[in-house]
Amino acid sequence: MKDKKFYILTIGAALILAVFIITAPNGYKHRDVVKGELHQLMLSHIQGKTAGDIQMRKAIIDNTVDHSMYVDDYYVCTISRMGIEGEQIKMSVGILGHVFLINGDQVKRQLDKVNAVK
């Protein structure tokens with residue numbers, strides 16, 4: 001009886017671990033979440049700007065995120081970090097196919113400094 005419980009628990013734990021590994025989001029999903037949040041921030045701050053100005057600011061945000069974000073894969077979850085002012089800041093956590101932004105305020109302040117979202 002004890003052997004049967006052990007096998008059932010082992011198989012159950014392996015299945016749960018497999019679900020976490022299979023559904024861990026990749027780096028592209030992290031970048032899309034951060035870019036989307038920053039695009040929304042930019043659009044809420046600018047009014048009366050031309051379409052070309054908005055496209056330029058989106059390109060600045062996309063370029064900043066693409067070149068300064070790194071994603072660490074821990075198999076069951078992924079954590080993105082971004083290099084801002086010489087330090088690595090954890091930005092988002094991905095688990096079970098979802099990405100949660102955890103430190104967007106520091107990136108927003110940095111983009112305010114370079115006048116990308118104003």
Straight-line distance of [X] [atom1] to [Y] [atom2], nearest 0.5 Å:
X      : Y     : atom1 : atom2 : result
Leu101 : His30 : CG    : NE2   : 10.5 Å
Asp62  : His67 : CG    : NE2   : 10.0 Å
Ser68  : Gln88 : OG    : CD    : 9.0 Å
Lys5   : Thr10 : NZ    : OG1   : 13.5 Å

Besides Tyr75, the hydrophobic cluster formed by Ile, Leu, Val, Met, Phe, Trp and Tyr side chains linked at under 4.5 Å, directly or via other members, contains Ile16, Leu17, Val19, Phe20, Ile21, Val76, Ile95, Leu96, Phe100

Apart from Tyr70 itself, members of its ILVMFWY cluster (side-chain separation under 4.5 Å) are none

Are Val65 and Met91 connected in a single hydrophobic cluster, I mean Ile/Leu/Val/Met/Phe/Trp/Tyr linked by side-chain heavy atoms less than 4.5 Å apart?
yes

Going hydrophobic residue to hydrophobic residue with side-chain gaps under 4.5 angstrom, can you get from Val71 over to Val34?
no

Hey, is Asp66 close enough to Lys35 for a salt bridge, meaning N to O under 4.0 Å?
yes

Do any N or O atoms from the side chain of [X] and from the backbone of [Y] form a donor-acceptor pair under 3.5 angstrom?
X     : Y     : value
Lys58 : His39 : no
Thr78 : Pro25 : yes
Asn26 : Lys29 : yes

Listed by chain and number, what are the salt bridge (Lys or Arg N to Asp or Glu O under 4.0 Å) partners of Arg81, not counting sequence neighbours?
Asp72

